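Following: one structure in C-alpha cells, then a few remarks.
Reckoned from all heavy atoms, side chains included, excluding hydrogens, waters and symmetry mates. This structure is a prediction, so every number in the text was calculated from the model and none was measured.
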Amino acid sequence: MDPSRIRLRPFKLSDVDDFLKWAIDDRVTRYLRWNSITTREEALQYLEKVAIPHPWRRSICFDDRSIGYISIWQYSGDDRCRAHLGYAVAADYWGKGIATVALKMAVSIVFDEIPELARLEALVETENMGSQRVVEKVGFMKEGLLRKYGYCKGQLRDFVIYSFLSTDKAM
C-alpha cells in the first residue's frame, strides 16, 4: 500500500456518494455508536449536521475518495487535556494498513492542532481484535479492561482502553 495515496481532510458534501458506500455497511458500523446510514438523504444530513461541523472529524481518503473517518472528540473543562478517538474504514480496505497509516497521520498532527491536549483515548470492544491491532501498531498503550463499561447497539459491552500521550511517538 502506497501511503502517499492516503490523506486526511475535512468532509465535504460532495463526499456523499463515497460516504454512503461504507456508511451503509453493517460490518463497518458494527462497533460504532451510530447505525448504518441507508439513504443518500440520510448521508447528506449526517455530513451536513454531524461530520462537517465536528471540530476534529476527518475523512480518510484513498486517491481523494472518502473510505472512512477519524474523529477526535476533546473533553471540556478540567478534562480538556483528554480526547476520545474513533475511526472506521470501508470493509473493502480492511487488512491493507490504511487505518494504521491514517491513525499515524492523525496522532502526528492532532497534538499540534489542539495544544492543550495531552492524551488520546481509544475504547475498543473486547471482540474487535482488528481495531486492537491497529491502535497497538500505531503505538497506543493498552491500559486495561473496562468491564460492562458502555452500551453499543443496545448491549452493555466490555471495552479495552488504550492511550496515546503527546509525549509518545507513533510507531
Side-chain angles (χ1 to χ4, degrees), residues 3 6-12 15 19 22-23 28-35 37 45-62 66-90 93-94 97-153 155-171:
I6 303 163
R7 71 183 190 109
L8 302 179
R9 64 160 170 75
F11 276 97
K12 305 178 284 192
D15 290 325
F19 171 73
W22 56 266
V28 174
T29 64
R30 177 179 178 190
Y31 296 110
L32 301 180
R33 297 290 171 122
W34 45 277
N35 292 320
I37 293 172
Q45 185 174 15
Y46 186 87
L47 289 174
E48 188 173 43
K49 296 196 181 331
V50 178
I52 292 171
H54 191 285
W56 213 102
R57 183 167 297 203
R58 303 295 185 265
S59 176
I60 299 171
C61 295
F62 185 76
S66 179
I67 62 161
Y69 82 96
I70 294 178
S71 177
I72 296 173
W73 182 79
Q74 184 181 14
Y75 296 94
S76 61
D78 289 342
D79 294 325
R80 67 187 175 278
C81 62
R82 295 185 292 126
H84 175 78
L85 168 81
Y87 71 94
V89 174
Y93 296 91
W94 290 355
I98 292 173
T100 303
V101 169
L103 286 180
K104 284 180 182 180
M105 293 169 128
V107 300
S108 74
I109 61 174
V110 73
F111 293 106
D112 290 333
E113 291 183 8
I114 308 173
E116 66 270 20
L117 191 61
R119 173 187 169 92
L120 286 178
E121 296 175 343
L123 297 171
V124 184
E125 289 190 37
T126 53
E127 66 265 13
N128 190 348
M129 300 306 293
S131 274
Q132 289 183 48
R133 281 191 298 276
V134 167
V135 296
E136 288 171 3
K137 281 190 227 174
V138 172
F140 279 72
M141 178 182 286
K142 185 177 188 175
E143 294 186 336
L145 174 66
L146 302 172
R147 300 179 308 151
K148 306 289 185 228
Y149 186 76
Y151 283 93
C152 185
K153 308 287 196 272
Q155 293 186 343
L156 191 55
R157 308 285 180 120
D158 294 345
F159 287 81
V160 179
I161 186 167
Y162 290 87
S163 68
F164 191 98
L165 305 180
S166 60
T167 54
D168 292 341
K169 301 286 185 222
M171 295 180 154

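Partner of Ile98 under the side chain to side chain contact (heavy atoms under 4.5 Å, CB included) criterion, chosen from Ile67, Leu103, Val134: Ile67.
Checking side-chain atoms of Ser131 against main-chain N and O of Asn128 turns up no donor-acceptor pair under 3.5 Å. Trp34 places no side-chain N or O within 3.5 Å of a backbone atom of Thr29 that could act as its donor or acceptor partner.
At least one side-chain heavy atom of Glu136 sits less than 4.5 Å from a side-chain heavy atom of Tyr162. Looking at Ile161 and Tyr149, their side chains never come closer than 4.5 Å, going by heavy atoms from C-beta outward. Between Leu146 and Asp158, the closest side-chain pair of non-hydrogen atoms is not below 4.5 Å. Side chains of Asn35 and Lys153 form a contact here, defined as non-hydrogen atoms less than 4.5 Å apart. Side-chain contact between Val160 and Gln132 is present, with at least one heavy-atom pair separated by less than 4.5 Å. Between Ile70 and Arg57, the closest side-chain pair of non-hydrogen atoms is not below 4.5 Å. The shortest distance between side-chain heavy atoms of Trp73 and His54 falls below 4.5 Å. Between Leu120 and Val110, some side-chain heavy-atom pair lies under the 4.5 Å cut-off.
Both tests do not hold together for Arg80 against Tyr75: distance to the six-membered ring centre under 6.0 Å, angle to the ring axis within 45°.
Ionic pairing of Arg119 and Glu143 is present here: one or more N-O contacts between side-chain nitrogen and carboxylate oxygen are shorter than 4.0 angstrom. A salt bridge links Glu127 and Arg157; the closest N-O separation between the charged side-chain nitrogens and carboxylate oxygens is under 4.0 Å. With respect to the salt-bridge test (charged N to carboxylate O, under 4.0 angstrom), the residues Asp15 and Arg9 qualify. We find that Glu121 and Lys142 are not joined by a salt bridge, their nearest charged nitrogen and carboxylate oxygen being 4.0 Å or further apart.
Leu8 CG to Cys61 SG: the interatomic distance, rounded to the nearest 0.5 Å, is 8.0 Å. Here the OH-CZ distance, from Tyr46 to Phe19, works out to 5.5 Å after rounding to the nearest 0.5 Å.
Summarising the geometry of Leu32 relative to Cys152, their closest heavy-atom pair is O-SG, 3.5 Å, with the distance given to 0.1 Å. Summarising the geometry of Met129 relative to Thr126, their closest heavy-atom pair is SD-O, 3.5 Å, with the distance given to 0.1 Å. Summarising the geometry of Ser163 relative to Asp168, their closest heavy-atom pair is O-OD2, 4.5 Å, with the distance given to 0.1 Å. Closest heavy-atom contact between Leu117 and Cys81: CD1-O, 3.5 Å. Taking each heavy atom of Phe11 and Gly68 in turn, the nearest pair found is CZ-O, 3.8 Å. Listed here is the closest heavy atom pair of Ile52 and Lys12: CD1-C, 4.0 Å.
Enclosure of atom CG in Asp79 by more than 12 non-hydrogen atoms of other residues, nucleotides or ligands within 6.0 angstrom is indicated.
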Test log, rule side chain to side chain contact (heavy atoms under 4.5 Å, CB included), inputs His84 and Leu123: CA-CA 8 Å; His84 175 78; Leu123 297 171; 4.1 Å; yes
Set out, in order, the CA-CA distance, both residues' side-chain angles and the distance that settles side chain to side chain contact (heavy atoms under 4.5 Å, CB included) for Arg30 and Glu125, then state yes or no. CA-CA 10 Å; Arg30 177 179 178 190; Glu125 289 190 37; over 6 Å; no
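In the model, Trp56 has a side-chain atom that pairs as donor or acceptor with a side-chain atom of Glu113 under 3.5 Å.
Tyr87 has its ring centre no less than 6.0 Å from the ring centre of Tyr69.
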